[in-house]
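Take a look at the following structure, please.
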Amino acid sequence: MAEAGDEGTASVEASGFSDLSDSELVEFLDLEEAKESAVSLSKPGPSSELPGKDDKPVSLQNWKRGLDVLSPMERFHLKYLYVTDLCTQNWCELQMVYGKELPGSLTPEKAAVLDTGASIHLAKELELHDLVTVPIATKEDAWAVKFLNILSMIPALQSEGRVREFPVFGEVEGIFLVGVIDELHYTSKGELELAELKTRRRPVLPLPAQKKKDYFQVSLYKYIFDAMVQGKVTPASLIHHTKLCLDKPLGPSVLRHARQGGVSVKSLGDLMELVFLSLTLSDLPAIDTLKLEYIHQETATILGTETVAFEEKEVKSKVQHYVAYWMGHRDPQGVDVEEAWKCRTCDYVDICEWRRGSGVLSSSWEPKAKKVK
DNA sequence: TTTTTTTTTTAT
């Protein structure tokens, strides 16, 4: 399968400070506020002497306030979301928001666990097919590679009965979602099954809260995949959300890869039409079953296998609720008090507004508060 | 914007 290489990324990211848009500047301001909060949380000083409150020019404050009307989609400059964004949102909406605002920082410990998981997934994929790196220069190239993958995976699924890393995309409740299905295969009964592998550092099954998140993830995949094979995800919708330029010429390495794969295509538009036809005319069924498998990273012991029922109504209403945040129809929420234990693994626990606002910081959380008083 | 990779710290 083809992998998009990251040629050209450097020049994109090297854009100068002058390119900074208004809302990007606001993000920096927000960041400073967050730092202030963290400081005042750990060592509260005399409240009237908090610095910097009145320093900002009035015009700047008004400007900032005006930009508050931007939806999170606009504020973060997002054209679409990843399936896993909504899953993180399912775990804790505020944690997801902080992750978008302050990207990057991972503890080495956590990074190592993620890395191991990624390697196991890669090894699984390599069992099924080779990987080819295709250098890309534009987002059009990147999507072209994705399309070429779909074009080769559909016949592979129908003839060999199994593929991994199947790309999915489509509009759900007004928002465009993009993701990758871990594995699709036909069972002995001839049913199309989605299998999602979850590797775990410790040899125990996840808590219900995490299982719920995983159920939601596979449910979203089915929702989008089914829409794709039913012709509900149109090239027009794809173009509308991703703002792909059909007239931008594809890179030479992408064209070469297409040719080698037996796809004679001259433009991205051609390719999209081809994908649409292949998806809808290949007799691909909707996904019949959703399976999750949990294995131990170190020993590869199977910890458990679960089959999930697809509850369309429930998935839809959850997505509607999450989308309401992204569209700016409501503020983000933290976890309920009974799920405050999630905060223990959260990188943003020190700056989290939710914890201060909802009484979670009361005696049971900070026994010190009692002593001090 | 190339998606995803996975959750701790015990002892009661």
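Just the heavy atoms: all of them, side chains too, but no hydrogens, waters or symmetry mates, feed the values below. Proteins come first, then strands; the chains are lettered A, B, ... in the order of their sequence lines, and each starts at number 1.
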Close side-chain approach of Leu151(A) and Phe147(A), heavy atoms under 4.5 Å: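 Side-chain contact under 4.5 Å: no.
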
Can you tell me if Thr84(A) touches the phosphate of dT4(B), counting only side-chain N or O atoms and a distance under 4.0 Å to OP1 or OP2?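 The answer is yes; a side-chain N or O of Thr84(A) sits under 4.0 Å from OP1 or OP2.
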
Report yes if a side-chain nitrogen or oxygen of Lys110(A) is closer than 4.0 Å to either non-bridging phosphate oxygen (OP1 or OP2) of dT8(B); otherwise report no. no

Counting the atoms with a prime plus P, OP1 and OP2 as sugar-phosphate, which does Thr199(A) contact under 4.0 Å by heavy atoms, base, sugar-phosphate, or nothing? sugar-phosphate

Can a salt bridge be assigned to the pair Glu93(A) and Arg330(A) using a cut-off of 4.0 Å between side-chain N and carboxylate O? yes

Going by 5.5 Å between centroids and 30° between planes, is there a stack of Phe76(A) over dT1(B)? no

Heavy atoms from C-beta onward define the side chain here; which of dT5(B), dT9(B), dT2(B) lies closest to that of Leu114(A)? dT5(B)

Which nucleotide in the set dT7(B), dT8(B), dT1(B) lies at the smallest distance from any side-chain heavy atom of Arg344(A)? dT8(B)

Using 4.0 Å as the upper bound for N to carboxylate O, is an ion pair formed by Glu140(A) and Lys243(A)? no

The side chain of Lys100(A) is closest to which nucleotide in this list: dT3(B), dT1(B), dT6(B)? dT1(B)

Quick one: Glu109(A) CD to dT7(B) C1', roughly how many Å, whole number?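 Those two atoms, CD and C1', are 10 Å apart.
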
Measure NZ/Lys211(A) against C1'/dT6(B) and give the value in whole Å, please.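 After rounding, the gap between these two atoms is 16 Å.
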
Between dT7(B) (C1') and Asp347(A) (CG): distance, integer Å: 10 Å

State whether Arg202(A) places a side-chain N or O below 4.0 Å from either non-bridging phosphate oxygen (OP1 or OP2) of dT7(B). no

Tyr221(A) vs dT4(B): side-chain N/O to OP1/OP2 distance below 4.0 Å: yes

Counting heavy atoms from C-beta on, name the nucleotide in dT8(B), dT3(B), dT1(B) closest to the side chain of Trp143(A).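 The listed nucleotide nearest to Trp143(A)'s side chain is dT3(B).
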
Starting from C1' on dT3(B), measure out to CG on Asp182(A) and report it in whole angstrom. 12 Å

To the nearest angstrom, the CD-P distance between Glu183(A) and dT3(B) comes to 20 Å

From the set dT3(B), dT7(B), dT8(B), return the single nucleotide nearest to any side-chain atom of Val180(A).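 So the nucleotide nearest the side chain must be dT3(B).
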
Mind checking Lys146(A) for me? I need base, sugar-phosphate or nothing, with any heavy atom below 4.0 Å counting as a touch.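 Sugar-phosphate, no base atom in range.
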
Flag the pair Lys291(A) and Glu293(A) as a salt bridge only when some basic side-chain nitrogen lies within less than 4.0 angstrom of an acidic carboxylate oxygen.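 Salt bridge between Lys291(A) and Glu293(A), a charged N being under 4.0 Å from a carboxylate O: no.
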
Reckon Val83(A) touches a base, only the sugar-phosphate, or nothing at all at heavy-atom distances under 4.0 Å?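 The answer is sugar-phosphate, as Val83(A) gets under 4.0 Å only of primed atoms, P, OP1 or OP2.
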
Whole-Å distance between dT3(B) P and Leu86(A) CG?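 Whole-Å distance recorded here is 14 Å.
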
For dT6(B), does the O4'-C1'-N9-C4 or O4'-C1'-N1-C2 angle fall within 90° of 0, making it syn, or is it anti?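 Because its glycosidic torsion lies more than 90° from 0, dT6(B) adopts the anti conformation.
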
Specify the separation, in whole Å, of atom CG of Asp141(A) and atom C1' of dT1(B).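 Distance, rounded to whole Å: 15 Å.
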
Whichever of Lys198(A) and Leu81(A) has its nearest DNA chain B nucleotide further upstream toward 5':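 Its nearest nucleotide lies further toward 5', so the answer is Leu81(A).
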
Distance in angstrom units between Asp85(A) CG and dT1(B) C1', rounded: 10 Å

Classify Tyr294(A) by what it touches in the nucleic acid, base, sugar-phosphate, or nothing, heavy-atom distance under 4.0 Å.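 Here Tyr294(A) touches no strand at all.
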
Contact class for Glu3(A) (heavy atom, under 4.0 Å): base, sugar-phosphate, or nothing?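 Counting heavy atoms under 4.0 Å across all strands, no contact is made by Glu3(A).
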
Quick one: is Lys139(A) getting a side-chain N or O under 4.0 Å of the dT2(B) phosphate, OP1 or OP2?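 Result: no.
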
Touch class at under 4.0 angstrom, heavy-atom based, for Gln95(A) against every strand present: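 Contact class for Gln95(A): base.
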
Is the shortest side-chain N to carboxylate O distance from Glu306(A) to Lys211(A) below 4.0 Å? yes

Report yes if a side-chain nitrogen or oxygen of Tyr80(A) is closer than 4.0 Å to either non-bridging phosphate oxygen (OP1 or OP2) of dT2(B); otherwise report no.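 The answer is yes; a side-chain N or O of Tyr80(A) sits under 4.0 Å from OP1 or OP2.
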
Quick note, Arg201(A) side chain, CB onward, closest among dT7(B), dT6(B), dT4(B) is dT7(B)

Nearest-nucleotide check on DNA chain B, Trp91(A) vs Gly179(A); residue mapping nearer the 5' end is Gly179(A)

Would you mind classifying the nucleic acid contact of Leu122(A) as base, sugar-phosphate or nothing, using non-hydrogen atoms under 4.0 angstrom? nothing

Would you say Gln217(A) places a side-chain N or O within less than 4.0 Å of OP1 or OP2 belonging to dT6(B)?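 No.
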
Salt-bridge test for Arg164(A) and Glu183(A): reply yes if a basic N is under 4.0 Å from a carboxylate O, no otherwise. yes

Salt-bridge contact Asp85(A)-Lys100(A) (side-chain N to carboxylate O under 4.0 Å): yes

